[in-house]
Amino acid sequence: MQGRYDPKTIEGKWQAKWEEQGVFSAHDDSEKPKYYCLIEFPYPSGQGLHIGHIRSNTAMDIVARKRRMEGFDVLYPIGWDAFGLPTENYAIKTGIHPREVTRQNTDNFRRQLKGIGFSFDWSREINTTDPAYFKWTQWIFLQMLKKGLAYKAKMMINWCPSCKIGLANEEVVDGKCERCGNETEKREKEQWMLAITKYADRLHDDLDTVDYLEKIKIQQRNWIGRSEGTTVKFPISNFQSPNKSEITNPGSQSPNEPQNTDSKRQTEEDFIEVFTTRADTLYGCTYVVVAPEHPLVREQLTDSSEQITVSKEQKARIKNWEEVAAYLKETKKKTEMDRTAEGREKTGVRLDGLMAINPINGEAVPVFVADYVLGDYGTGAVMAVPAHDERDYAFAKKYDLPVRMVVMPHLTDKKNPPREGKKTVERDTIHALVRNPKDGKFLCLEWKNHPWTTFIVGGVENGEDVVGAAMREVFEETGYSNLKYIETLGGKVQSEYFAAHKDENRIANTSALLFELEDDTRERVVEEEAAKHSILWLSLDEIRNREMTCAELDFWLARLDGKDGAFVDDGTLTDSGEFSGLSSSQAREKISTKLEADGNGKKVVKYKLRDWVFSRQRYWGEPIPVVHCEQCGIVALPESELPLELPEIDGGYSPTDTGESPLAKIGSWVNTTCPTCGGPAKRETDTMPNWAGSSWYFLRYIDPKNGSALADPEKLKRYMPVDWYNGGMEHTTLHLLYSRFWNKFLFDIGVAPTSEPYQKRTSHGLILAEGGVKMSKSKGNVINPDDIVSDFGADTLRIYEMFMGPFDQPIAWGQNGLVGSRRFLERVWKLQEKLTTHNSQLTTEESGLTTENSQLTTGEQEQKVKTIDSLLHKTIVKVSEDIEAMRFNTAVSSMMILVNAIEREGTISKHSFGLFLRILSPFAPHIAEELWENIGNTGSVSLAAWPEADLAYLVSDTVKIVVQVNGKMRDSFEIPADASEDDLKTHALDSDKVKPYLDGKEPKRIIVVPGKLVNIVV
RNA sequence: GGGCGGAUGGCGAAACUGGCAGACGCGCUGGACUCAAAAUCCAGUGAUGGCAACAUCGUGAGGGUUCGACCCCCUCUCCGCCCACCA
């Protein structure tokens, strides 16, 4: 008898033992295969360990412990991502040095983490703020600088006018400063940048080589935002299209001949280059738009002045310069908030006096500046195709610009699809929609030899215009002669179908025309037509509800309602010169190729991903190790001078009034000599963002104390890549991408041994406060793990956090379930009173284990032991599989089921209890160690072998068959597993419970699923 | 607006490939032990009807496919997270 379960005593005892004996150390020289488990190292905030840290750390702890037991040399390290804003803000408030704040916080975190019993290798603890660590962060920066990946550029940054400080994107929440809540502005400032975009394609493509959750891959791909497209050069003409009127509306356009613009061009560079992914819509371009940041209207904007400087020459060309300048000023004043709050109403101003020449057809189109075009994506200019782009459509509607449809939607009539082996005829057709203004009904035809209801349909004869053709058809088919043409409903729609009456496949390019009946005048219809169909007037509702023989119906109805916008999908080209008739994808290829051949364009790949703004105007970050020399410009510090440490500071940690880092105030530190020429120089005062230290920390764990290299190459080779990295979804697009980028760079310069740092990436769900809201200090709903550990014990907390719900989904904390987890462990504790020395017969035979004293064996006891062993081995399988799939909740529940069964049967063999303790140990390591010791084992259960299920226990000679009648369960029976289908049928039909449902009738059908069920259909 | 995920008892949730819906835990009800309480143990616990055996209904709403649907398809509602004019 071992007394009560007392977690306080045993948890402290085992934590001390583990540490003393180095049970969880990874061994660089181990013969075993390595396994590298990684969690995101915590930011040591003043609030202490979050309950959510415990959930994700426990999950990886379970994996790490299982791997260790499976014979791997496991690296499961821990450290501190300690540079960052909250610490600095706390320092600003209290005047305590951030280093000291960090020390206190990490001490607290370390104590808390150790108290949960995580199997971290504490000998490898790292801290990003340790000069011995950030020496290498700075070193990596210098390597990037050498390779041209680090550069300075003027960037629009988020500026808080109240705090007078530049903010990172993540510090701006809904357009407001995270700290003071004031609205932020955009301001231009020189910043250090890292050229992550040079790695965009590899970061994108190499996702195929790693095992990340699909949603993580999708999010990264979307963030990188690769799109293949074409740049097109639109030469600028100063003249208002001398030879032709302004660009034409659909229906009345004349054929375009390429126009010679040589004499009008001033320089070779005088063109607007646009980027498009839809080169197939080039003929539909009716204007060109440049972003407010585009060089055509803006050369530079400095943060010291509101002046917009554009060359005189350019101003002179733009006739309405005053108006344009006003718009640019307006745009600049708008905050992010305004831009989105307006419901994204599009605004813009035409650049009078400028026309852009569409290189594909020589057509001159007007040029606009509008802020719906982004200055920093693509080329900062777009060709606007309102018919095929929602944004251009909205802008065109607002400013009354022409919409020219050049891509026909392409439909296949599902009711009459084209047939193989028939000839195909393509022609232009019309649908005439004739409305009777008196009742709003439409004129339709009901066909006599086919089950069709159609509008008035017909072909367009050579030389005929569509309106004429439609009026002719209406007259011929219905006799109505007085029609008023209202409008053409959008552009043509192409449909493919089989025309049964002509036995041929048709491709119809159909225009829909709306008419109104002027009066009822109706001529007699010729016999031939009258024999084919009769007329019918249908309301819109009737048309919707009736099966109309009209593949295009949805388009026509939407256009009638005026709900029609841009058609943005692919289709078939029309009114596009030599490219008409091609599919969108063919046309993109051919048009791009032609542009490229003529020197008017180029196929390119663009990314949404931007270069990484790497500067922060802060104290608590890694100093950027360069100096600015009057003679030599930007000069890198020699590597021998690393680490460049932060200076001690007297006058507070706040940034300066000009937005410079507080480092700028320390003359003795800033003023230095140039490493190259020895002349006077100033140190860079920007520091790195806190993403820097976390971009390579997984490498440092491998060799954390190395003073002469980032890590020993041999050791890196042994441990990389990380085999399993679990973290939060919120880090998918920043940290995960940044660290993949740094690792790839280090791989390229021969430092990192693998191109990808992480082999497998999974993610956890957040733990929310009760009520499903975020835990926050201000709401006072933060759960302190210390309280739970002291009230219930660390093992209970671990079990509960794994049991409470699916690991990958967010879950609200509820205190109520904790007691259940504690009870479970109490029951496990009491099992040591129920041990028997008997092993079941099967175990001894099958796995060759020694039988202990068997004098007390009785048949009954043996049966009980066997029942338990059979369930135990099923549990081993379940727990093993569930851990790999991160289904920790069902793993715990299956162990609960086992414990319930042991209690019910009243006994378990000592050997089997040992197996159970092994699978329990990753979840509740302290109690498992204590019981393992109590039943007479020496050594740690954490290093015992992970049990393998004995297959002999898993197979059963009988199966339970469910009997359904019409899909509803009515009975079940046990039957030998090898029973035939006929046996099952007979048995099922024989059931007394089933018979009443059959009511003496013969079953219509009987479905037998071997090993599972019989379903009788009556 | 787009992407991803979710909705099942009083509550957290199971149901792995379309085959017994609600495992496991909490809570609740009744009982045992106790002078009493706590703890523990035993039994019950989706809803409705019935003394009961049992029957009917039931996985956000509505349709569909299927012998059979929490699961697949279509439409919709609500919730969460991420992105948000990316041409």
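Below, each value reflects all heavy atoms present in this structure, side chains not excepted, and no hydrogens, waters or symmetry copies. In what follows, chains carry the letters A, B, and so on, assigned in the order in which the sequence lines appear, proteins first and then strands, with residues in each chain numbered from 1.
Closest to the side chain of A:V373, out of B:rU40, B:rA87, B:rG19, is B:rA87. Checking B:rC67, B:rC82, B:rC85 against every side-chain atom of A:Q219, the shortest atom distance belongs to B:rC82. Considering only the side chain of A:K968, B:rC57 comes nearest among B:rC4, B:rC83, B:rC57. Distances were taken from every side-chain heavy atom of A:N222 (C-beta onward) to each of B:rC83, B:rG3, B:rC20; the shortest belongs to B:rG3. Checking B:rC83, B:rG19, B:rC16 against every side-chain atom of A:K878, the shortest atom distance belongs to B:rC16. Distances were taken from every side-chain heavy atom of A:R970 (C-beta onward) to each of B:rC67, B:rA55, B:rG12; the shortest belongs to B:rA55. Taking the side chain of A:I218 as heavy atoms from C-beta on, and the options B:rA14, B:rC4, B:rC20, the nearest nucleotide is B:rC4. Out of B:rA13, B:rG6, B:rC24, the shortest distance to the side chain of A:Q809 is found at B:rG6. In the set B:rC24, B:rC67, B:rC26, the nucleotide with an atom closest to the side chain of A:N816 is B:rC26. Comparing B:rC24, B:rC41, B:rC85 by their closest approach to the side chain of A:S893 singles out B:rC24.
In a base pair of the Watson-Crick type (N1 to N3 plus N6-O4 or O6-N4) or a G-U wobble (N1-O2 and O6-N3), with each distance short of 3.5 Å, B:rA38 is matched with no nucleotide. The base-pairing partner of B:rU56, taking Watson-Crick or G-U wobble contacts with both distances under 3.5 Å, is B:rA47. In this structure, B:rG68 makes no Watson-Crick or G-U wobble pair, since no nucleotide meets both defining distances under 3.5 angstrom. The nucleotide B:rG1 finds its pairing partner in B:rC83, both defining distances of the Watson-Crick or G-U wobble pair being shorter than 3.5 Å. A 3.5 Å limit on both hydrogen-bonding distances identifies B:rG6 as the Watson-Crick or G-U partner of B:rC78. Across all strands shown, nothing is found opposite B:rC33 as a Watson-Crick or G-U wobble partner with both distances under 3.5 Å.
Among the protein residues, A:R226 comes within range of no part of the nucleic acid, since none of its heavy atoms lies under 4.0 Å from any strand. If you check every strand for non-hydrogen atoms under 4.0 Å, A:S972 touches nothing. When heavy atoms are screened at a 4.0 angstrom cut-off, A:V382 is found touching base atoms of the nucleic acid. Using a 4.0 Å heavy-atom criterion, one finds that A:V819 contacts the sugar-phosphate atoms exclusively. Residue A:M729 is out of contact with every strand shown, counting any heavy-atom pair closer than 4.0 Å. At the heavy-atom level, A:N900 lies under 4.0 Å from the strands shown only through sugar-phosphate atoms.
By the rule that a glycosidic angle within 90° of 0 means syn, B:rG9 counts as syn.
Dashed line: the shortest gap from a side-chain N or O of A:Y377 to OP1 or OP2 of B:rA87 is under 4.0 Å. Contact between the side-chain N/O atoms of A:R823 and the OP1/OP2 oxygens of B:rU40 is found at a separation under 4.0 Å. Between A:N889 and the phosphate of B:rG25, there is no side-chain N or O to OP1/OP2 separation shorter than 4.0 Å. At the phosphate of B:rA23, neither OP1 nor OP2 sits under 4.0 Å from any side-chain N or O atom of A:R887. For A:S227, a side-chain nitrogen or oxygen approaches OP1 or OP2 of B:rA87 to under 4.0 Å. Remark: A:R278 is not in phosphate contact with B:rA87, judged by side-chain N or O atoms under 4.0 Å from OP1 or OP2.
Side chains of A:N1015 and A:R1005: no donor on one and acceptor on the other come within 3.5 Å. Under 3.5 Å, the side chains of A:N726 and A:S56 contain no donor-acceptor pair of N or O atoms. Side-chain atoms of A:H735 and A:E40 include no donor-acceptor pair closer than 3.5 Å.
Rounding to whole angstrom units, CG of residue A:D808 and P of B:rC4 are separated by 16 Å. Atom-to-atom, CD of A:E390 to C1' of B:rG2 comes out at 12 Å; the value is rounded to the nearest Å. One atom, NZ of A:K1012, and another, C1' of B:rC16, lie 10 Å apart when rounded to the nearest Å. Spacing between atom CG of A:L768 and atom P of B:rC11 amounts to 18 Å, rounded to whole angstrom units. Put simply, CD on A:E974 is 16 Å from P on B:rC20, counting in whole angstrom units. Atom CZ of A:R221 is separated from atom P of B:rC83 by 19 Å (rounded to the nearest Å). Between the CG atom of A:L766 and the P atom of B:rC4 there is a distance of 20 Å, rounded to whole Å. When the P atom of B:rC24 is taken as reference, atom CD of A:E903 falls 13 Å away, rounded to whole Å.
A side-chain hydrogen bond (donor to acceptor under 3.5 Å, both in side chains) with A:T347 holds for exactly one of A:Y327, A:Y399, A:Y372; it is A:Y327. Test A:K215, A:R740, A:H204 against A:Q220 for side-chain hydrogen bond (donor to acceptor under 3.5 Å, both in side chains) and you get one pass: A:R740.
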A:W813 and A:E801: CA distance, side-chain angles, deciding distance, side-chain contact (heavy atoms from CB on, under 4.5 Å) verdict: CA-CA 9 Å; A:W813 181 262; A:E801 289 219 23; 3.9 Å; yes
Derivation of the side-chain contact (heavy atoms from CB on, under 4.5 Å) call for A:V232 and A:F234: CA-CA 6 Å; A:V232 187; A:F234 281 68; 3.7 Å; yes
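In this structure, A:K346 NZ and A:E390 CD are separated by 9.5 Å, a value rounded to the nearest 0.5 Å.
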